[in-house]
K.L.:
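The structure under discussion is supplied below as structure tokens; questions concerning it will follow.
One-based numbering, in listed order, for ligands and for the atoms of each.
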Amino acid sequence: MPSYPNSERLFKAAQQVIPGGVNSPARAFRGVGGQPLFIDHAEGPYLWDVDGNRYIDYVLSWGPLILGHANPVVVEAIARAAKNGTSYGAPTELETQLAELVIDLVPAAEQVRFVNSGTEATMSVLRLARAYTSREKIIKLTGNYHGHADFLLVQAGSAVATLGLPDSPGVPKGATQDTLTAPYNSLEAIEALFKQFGDDIAAIILEPVAGNMGLVPPVEGYLAGLRELCHKHGALLIFDEVMTGFRVAPGGAQEYFGITPDLTALGKVIGGGLPVGAYAGRKEIMQTVAPAGPMYQAGTLSGNPLAMTAGIETLKGLSQPGVFEKMVQLTTTLCEGVSAAAEAVGIPLTTTQAGTMFCFFFNEGPVIDWDSAARSDLKTFGRFFHTMLERGVYFPPSQFESWFFSTEHSQEVVVATIQAAQTALAQIAGH
Ligand code: HOZ
């Protein structure tokens with residue numbers, strides 16, 4: 001049985017100086033009980049905690065590390081770039097190179113503006129949508145999460161859902177008065193909002209595959225229906241692909257489903273483990289952004305050379321022939337193996353997968369929206385989490401997050417994970 005004395009000691013010290021001991025609530029293990037692991041180092045598919053325990057990692061820094069931890073090509077490129085200086089606050093060719101790679105991969109991207117996080121990307125892209133349409137209202141979907149900007153903290157997923165905070169204190173009422181909400185996967189609800197608010201709606205923003213209430217794919221025709229409704233009402237369609245970008249397919253969910261939004265928010269993989277976000281879209285719309293146009297948005301570290309370098313190497317790595325397909329195939333093998341293990345011991349499990357993202361809900365399914373996701377048995381999820389951790393498998397410490405796969409998760413790693421799941425699920429079922 002692994003023990004965690006060093007993590008426990010460090011967590012105690014951290015809580016004295018950092019609220020809750022963590023710098024982002026999702027990592028605090030509040031969704032599963034217990035205390036977070038403190039990490040010492042990582043390599044490929046593995047993490048080592050400060051007590052010397054090794055884990056197969058399906059968090060992967062909450063998605064960015066699609067080439068695995070400490071990928072030698074990425075790390076060496078960052079080290080080379082660092083020798084040239086860490087930040088200039090002036091343009092470099094690296095920004096153009098990463099923008100070109102993004103434009104090649106992501107169907108909706110004709111121009112790209114880099115920022116430093118997913119939160120910055122979504123708040124900026126919505127300012128752009130409002131500036132471009134001269135409308136103020138936006139639609140966001142229940143259980144979708146777009147970072148922690150005031151006006152988006154409404155019925156949000158991720159840690160907001162994990163901690164059971166319907167709304168956050170500190171968000172002024174005025175900030176959310178133009179945020180309309182609808183359930184994920186319901187076109188009727190969107191139609192009703194358009195009927196009521198018609199010409200005031202600037203945009204719909206959504207995670208095309210929801211990844212922050214667990215992983216919940218769109219039902220047949222949903223994304224196409226949204227595309228059509230936006231066209232009809234002169235509103236913009238915004239895909240928040242911070243999670244799904246370069247993960248559901250190399251060009252994101254928009255490539256996989258063949259639906260092109262007007263604007264896209266990106267993050268996570270685009271920075272290869274360094275802090276990068278971006279928003280991208282049709283040139284005609286992107287030309288509204290200063291200094292090309294009047295919509296102001298800026299950042300001291302935006303386009304940072306180390307972050308651009310990590311992003312460039314990561315996008316190049318995942319675009320090599322056969323790499324993505326192999327990852328998806330092994331992700332499917334893993335999902336099927338865990339599903340079969342649950343079935344064998346009579347535990348109801350709903351498995352969802354979109355490319356290299358996946359998730360297991362402890363219920364009969366189908367899971368199509370926040371209400372059905374929330375019907376997962378959270379107690380069983382928590383037991384599964386801790387039993388797997390004891391067997392050396394680390395995954396998001398919340399039912400309302402997605403699991404991530406990397407190029408470094410080999411067949412052998414997948415088999416080891418399935419074996420751990422078989423033992424853990426049998427133990428939970430009392431076999
Ligand atoms: N936004 C991440 C989950 N959807 C959480 C990030 C973190 O805790 O590091």
Side-chain angles (χ1 to χ4, degrees), residues 7 11 14-15 18-32 34-39 42 47 49 55 57-66 69 115-123 140-149 152-165 168 184 205-216 239-248 252-253 265-278 307 352 354 356-361 370 373-374 376 381 385 394-405:
S7 278
F11 188 46
Q15 287 175 93
I18 298 168
V22 291
N23 281 306
S24 188
R27 5 183 137 155
F29 277 34
R30 295 273 172 103
V32 289
Q35 303 199 344
L37 300 178
F38 276 58
I39 304 306
L47 276 182
D49 69 15
Y55 307 90
D57 180 20
Y58 293 101
V59 178
L60 295 171
S61 188
W62 304 88
L65 300 172
I66 199 162
H69 287 282
V115 292
N116 300 290
S117 69
T119 290
E120 262 190 75
T122 54
M123 67 186 218
K140 94 163 270 294
L141 308 180
T142 307
N144 279 210
Y145 176 75
H146 307 289
H148 61 89
L152 290 166
L153 278 185
V154 184
Q155 296 182 15
S158 190
V160 184
T162 305
L163 299 175
L165 305 168
S168 172
Y184 182 71
I205 184 165
L206 78 152
E207 299 179 71
V209 177
N212 283 289
M213 48 175 162
L215 187 83
V216 186
F239 280 2
D240 175 350
E241 297 231 45
V242 169
M243 266 195 187
T244 53
F246 319 105
R247 275 215 165 266
V248 168
L266 295 164
K268 299 196 188 265
V269 170
I270 201 177
L274 268 67
V276 183
T352 52
T356 65
M357 297 168 68
F358 57 108
C359 178
F360 305 103
F361 294 95
W370 167 250
S376 185
F381 179 87
F385 176 84
Y394 181 73
F395 55 81
S398 165
Q399 174 68 83
F400 305 119
E401 299 286 354
S402 299
W403 302 36
F404 298 98
F405 208 83

K.L.:
Taking the side chain from S7 and the backbone from F38, do they hold a donor-acceptor pair closer than 3.5 Å?
P.N.:
yes
K.L.:
Look only at the side chain of E241 and the backbone of A253, and say whether a donor-acceptor pair between them is shorter than 3.5 Å.
P.N.:
yes
K.L.:
Sequence neighbours excluded, which residues qualify as ring pair (Phe, Tyr, Trp, His ring centres under 6.0 Å) partners of F400?
P.N.:
W370
K.L.:
Would a distance-only check, ignoring hydrogens and angles, find a side-chain to backbone donor-acceptor pair under 3.5 Å from T352 to L215?
P.N.:
yes
K.L.:
Just jot down the side-chain contact (heavy atoms from CB on, under 4.5 Å) partners of P25, sequence neighbours excluded, or say none.
P.N.:
A159, L163
K.L.:
With sequence neighbours left out, write down each residue that passes ring pair (Phe, Tyr, Trp, His ring centres under 6.0 Å) with Y184, or none if nothing qualifies.
P.N.:
Y222
K.L.:
In order of chain and number, which residues sit within 4.0 Å of ligand 1 by heavy atom?
P.N.:
S24, A26, R27, W62, S158, N212, M243, K268, E401
